[in-house]
Structure formats: C-alpha cells, structure tokens
Amino acid sequence: MGKTYRERLIDTLNHRDPGQVVVDLGSTSITGININALVKLRKGLGLEEITPVMDEPLQLLGRVDEDLRQAVDAGVIGVNNGYTIFGYKNRDWKEWTLHNGLKMLVSEEFRTSTDERGNTYIYAQGNTNYPPAGKMPKDGFFFDNITRSHATAEDEDLNAREDYKDDFKVFSDEELRFIQDDVNNIYENTGYGMIYNGALCGIGDFALVPGPHVSDPKGIRDLQEFMMVHHLDPDYIHEIYEMQLEVALKNAELLYQAVGNKIQAVYISGTDFGLQRGPYMALEAFQEFYKPVYAKINGWIHDHTEWKTFFHSCGSIVTFLKDFHECGIDILNPVQTTAAGMDARMLKEQWGDKFTFWGGGINTQQTLPFGTPEECYNEAMERLEIFAPGGGFVFNTVHNIQGQTPMENMLAMFQAVKDYNAKIAK
Amino acid sequence: MKENTANRSLWKRITSRSEFSIFVGLVVLCVLMSFLSERFKNNEIFVPEMLVAAKAMKRGVEVLKPHLAAGEVGAMGKMIIGTVAGDLHDIGKNLVAMMIESAGFEVIDLGVDVPHEKFVQAVRENPDVKIVGLSALLTTTMPALRDAVALLNQQDFRKDIKVMVGGAPITAAFAEEIGADAYTPDAASAAQRAKELVG
C-alpha cells in the first residue's frame, strides 16, 4: 500500500524522497487559484458544475473542494481559525455576483458596495459603519487595500502599541475549538497533509500593514510611510514587531495545545522582501528588524513541535537566503523563478538541502497565463525534474493561479505533474 | 594684479547674492539625487532609502522654491504621470515621479485609477507638457495601458509630446507594440530617459 499524502508531505519536508511529488492547490492564500480560473479548471476536468465558494476575499480565491483536490491529486489542506483577511468569519454562505456575471458563494459577513464608476468596496469585519477597507476596480480580479490612516513618520503622537493594538489577537477558545475540530476531522478521516495557513507572525506584510481586518486602523498604514519609518523612527517598527511576536508566540503555544503534531507546517509570514530585479530592502535592515523576530518564533516552533515553518516572499531574494536559513525558515514560497537570480537549478543545487521549495512549479507571469499548453506542460515538467528529486519540493505554481489563465494551460500543467509522478512511481 | 583683484571682487559679489546660495543648494540636491539614483539602479541602496531621499529632496526644493524665479524649477519641462484605469498601485509610479522631478522636471501626478480621458484632458490643460508617463502594475491592466496610449495617439497634440510607459508586466516590446515612445524598467532609468526625450 502506498504512502498517504500526509506521509509523503512529512517525507518531503524532511528532505526524504516521498516517492510521489506532493501537490498543493488551495491550501493557503498564496498557493491557490482565483475563482474565475477555478471555474474554468473544474469545467476542463469534467467536474460537476457548482456555485463556487469564494473563501479568500482579498484575491478572490476559490475554495478547492474534494472533487477538485482528487482530480489534480492535491495532497495538502489548509486549516485556520475561520476568519478572513478582512476580519470577518467565513460562515453561512450567500450568493454574490462578480462584475463579470460569475455567481459565487460568499460569507454572510462579506459586505460590499459599488460606486458610479463600477468600483466595488469591501468592509473590514463586514462593518459598513466605517469607511471601506478594500477596493476592486471595475473589471478587476481582486481587491486592493485602502489606506485609511494617513499618519507619517513625522507625526508626534505616534504610539506603536496603541496604534496597532487591534491588529494582533490571541486565539479565543472558540477559535481554538474550531481549529481543533477541523484538524481532528481531517486527521482521522483522511490521509491529507495539513498546514495552518493564517500567518502567525506576518511582520511588515504589505497586505496586512493597512489593517484590512481592522475597522478603524490607526498610526502608520501607508506603505511608503511604513517603509520610510524604518529609517526615520526605527523604534516604532521595533515596537510593533515586538508586540506581534508576543502574540505569535502565545498563539503558537495555544495552537500546539489544540492540534499537536497533527499538522505538518505552519505559515509564519508573507512579507515580501524581493522585487522583480532585487531585494526591496537592504539586507542590513532585514537583519535588524526581521531576522531576530523570525528566529524567535521559528526557534519556539522547532524546540516544541515537529512543524515546519512556511515563509512566503515574492521576488528576488537570493541575497537573503543565508539569513533566512539562519533564522530557521524551513519552507520557501512562492519561489519566483522569474525574479533576478532565482534560477531553479541554482536554488535546488545550493539550497535544496536547507529549504523545501513550495512553489516554483510554473511561471505565472508569462507561461501559465499567456503561453501555449505545450509550453505549460514542458515548463512544469522541467521544474519537476529540477526540484523534485530527493524531496524538499511541493508542487505549486509561482503564487496563485490568476483569473484569466486559460483552461487548457492549467490542464496541461497538471497533466505534466501526473505524468511525472507516473514516471517515477516505484 | 588689478585683473585678479577685479575677479576676486566679482566672485565675492556673485557668491554673496542669495540667489547664488539657492542655486548651489538646488544643484547639490540634484547631484545628490542623481548619485543616489545610480546606486539604486545598481541595487546598492533600496526602495526605503530612495523614498526617504526623495522626501528630503522634496523638502529641500520646497525651501528653495519661493526664492527662485518662476520657471527655474521644472526647467527641463513638464511631465504628466499616472497609473492607468483599474490599477491602484502607485509606489513605483511615485518613485518615478520623484526621480523625474529631481531631474529638473515639473511633474503633475494624476494619481491612480486614471481614466484614459483624464490623461488627454491633462495634456489639453497643460499644452506645454513634454512627456506623459503611464504606469500599470498588473497584467490585467495592460489592456487599459494599451487603450490609454491609443487614445493619446489619436490626439492632435501627439506630435508635441512623448509617451513613456512602465510597470512590472510591461516590456520594451509591448511599449513599441502599443505605440509608446519609451519604456524603462525602473525609476532611475526613467529619469535618464525623460531627459533624453526632451533633449
């Protein structure tokens, strides 16, 4: 009898040959699929036509249901506390229609409005008594955060702990029970691997700095000001991260009490340190502000659990890899091989024994959306041949599959994975 | 000897004038920004440092501006810049605007999610504008960039302006395909290219 998905995931995260490549589709908010693409993929795979569920509202990601998971041989499920990035709970689904006519199910707490130009606005915690937290332009495929506080580094009334006090919360008993029930159900009734996918310590994550989950965010929330305050008032940043770490350590402890080692990985941070052509910040800044915090949370996790630490960073981050490894990062995502220096072969050869590459399966900026099916197949196959041997690889696209991706291209990519696994089957 | 004394006296008269101090201040600022732009282009300094530098530059120019004759700021010409319709991203565009301002242009920033017609209207309201810069960060807003440039290309003022495009998914080939005059991959190159376009 072959290994379960969970066993294969454990093998691959520990750099042992899993026998078959583990595939992820939809276990996290950065390894998923836009709902428009999800509908096309389901159709291409001949699955039942359903009203899809949109459970990640910032990027309009579709929920990957069991039939789709089986169809693409995905082996990882994400678990979380039930709350979305906009601070509302996913529950009691209601129908909602996107500007292009696509009907989907959204949470009862998903609240939007539309203006005369066709822009759609979303409200933090579903609370329309405050200005909206996100905006999706007409014909858009996802929301962008709206900056709702215009404090600058030169303001005299800045107080990091006061400004960010609503941003970081310790898990409630209800949330822990929710997580525990979900994990136990998956653990006892399936062979799927699991990742806790609500970023435990996303310090400086540009998706979170504006406070999308907070009704009335205070302090520095503008991304440009946030970057500048690292120089102009570094104590402000240090204090935010110190506060965030306190909560993260507590939540890690509570999470372990709730689920033990039934989960295999935990998403720690989604902060992007890279741009297309290089890092966005100096390595020295990373070493001052970020590395010590990551070292503490990763250190706790490695000392107390068997979990592997999952980090997301878009862009060119080659010069940061040594420090990433030193602060205890186990898993790299999305592995943006189109960014400068992020050559797949180099990554596997020089860093393959130190990091699991969770991503890197295909170029989502050009090949997958704009290439031919043959190009998609060939590129995915090439990436499998580079990254998969010896474990340390979970197949996923470089970040989420975007909404306009052609059906044929997605099918070709997943066919490559199928063929590769058939080729290496023992 | 008499000539040297005369020259020294002339030099003293020039450098004692406040306009000279202001001129030197402006030159120093521009040279520093140019120096920093080069380091940014070479990945020796990064986005946060450039933002702080640009903020400092802006403050410096604000101090000097009231003391300068009209037209001395923005002596290189006027540029209109904006992120195209449907796109809300602006950090890159803002960096470009700051660099081009540092290069001696007067920059009119239309912001984000700019309707195509607004670019046209801005040019009509500023007939002395020399460059229109359009930014798109998303592959999904590349069509909007194409349409905005197409609309500009249809106008009678098109021969009097240069159109520059940029943004993460944009390439030189795409820029040429849509009828833009220039594409640059980053903010530092954008400032240099802008100077070349009006030179």
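Chain naming here is simple, since letters A, B, ... match the order of the sequence lines and numbering starts at 1 in each. Small disclaimer: the values here were computed from a predicted structure and weren't measured.
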Check whether Arg277(A) reaches the backbone of Lys41(B) with its side chain - one donor and one acceptor, N or O, closer than 3.5 Å. yes

Chain A contacts, top residue of Asp90(B), Val47(B), Asn94(B), Leu88(B) (heavy-atom pairs, under 4.5 Å): Leu88(B)

For chain B, find which of Gln276(A), Met136(A), Met281(A) contributes the most heavy-atom pairs closer than 4.5 angstrom. Met281(A)

Where does Leu138(B) contact chain A at under 4.5 Å (heavy atoms): side chain, backbone, both or neither? side chain

Is it the side chain or the backbone of Glu49(B) that comes within 4.5 Å of chain A heavy atoms, both, or neither? both

Given side chains that start at C-beta, do those of His231(A) and Pro48(B) come closer than 4.5 Å, heavy atoms only? yes

Indicate yes or no: at least one non-hydrogen side-chain atom of Met50(B) is less than 4.5 angstrom from one of Met227(A). no

Can you tell me how far apart [atom1] ([X]) and [atom2] ([Y]) are? Round to the nearest 0.5 Å.
X: Tyr280(A); Y: Ile91(B); atom1: OH; atom2: CD1; result: 8.5 Å
X: Leu95(B); Y: Gln224(A); atom1: CG; atom2: CD; result: 7.0 Å
X: Phe370(A); Y: Met142(B); atom1: CZ; atom2: CE; result: 6.0 Å
X: Lys135(A); Y: Asp113(B); atom1: NZ; atom2: CG; result: 4.5 Å
X: Thr152(A); Y: Lys55(B); atom1: OG1; atom2: NZ; result: 4.5 Å

For Gly86(B) and Pro137(A) the tightest heavy-atom approach is O-CG, 3.0 Å

Measuring heavy-atom distances to chain B, does Glu154(A) have an atom under 4.5 Å in its side chain, in its backbone, in both, or in neither? side chain

With chain B as the partner chain, list the residues of residues 401-409 of chain A whose heavy atoms fall under 4.5 Å from it, by residue number, and write 'none' if nothing qualifies. Gln404(A)

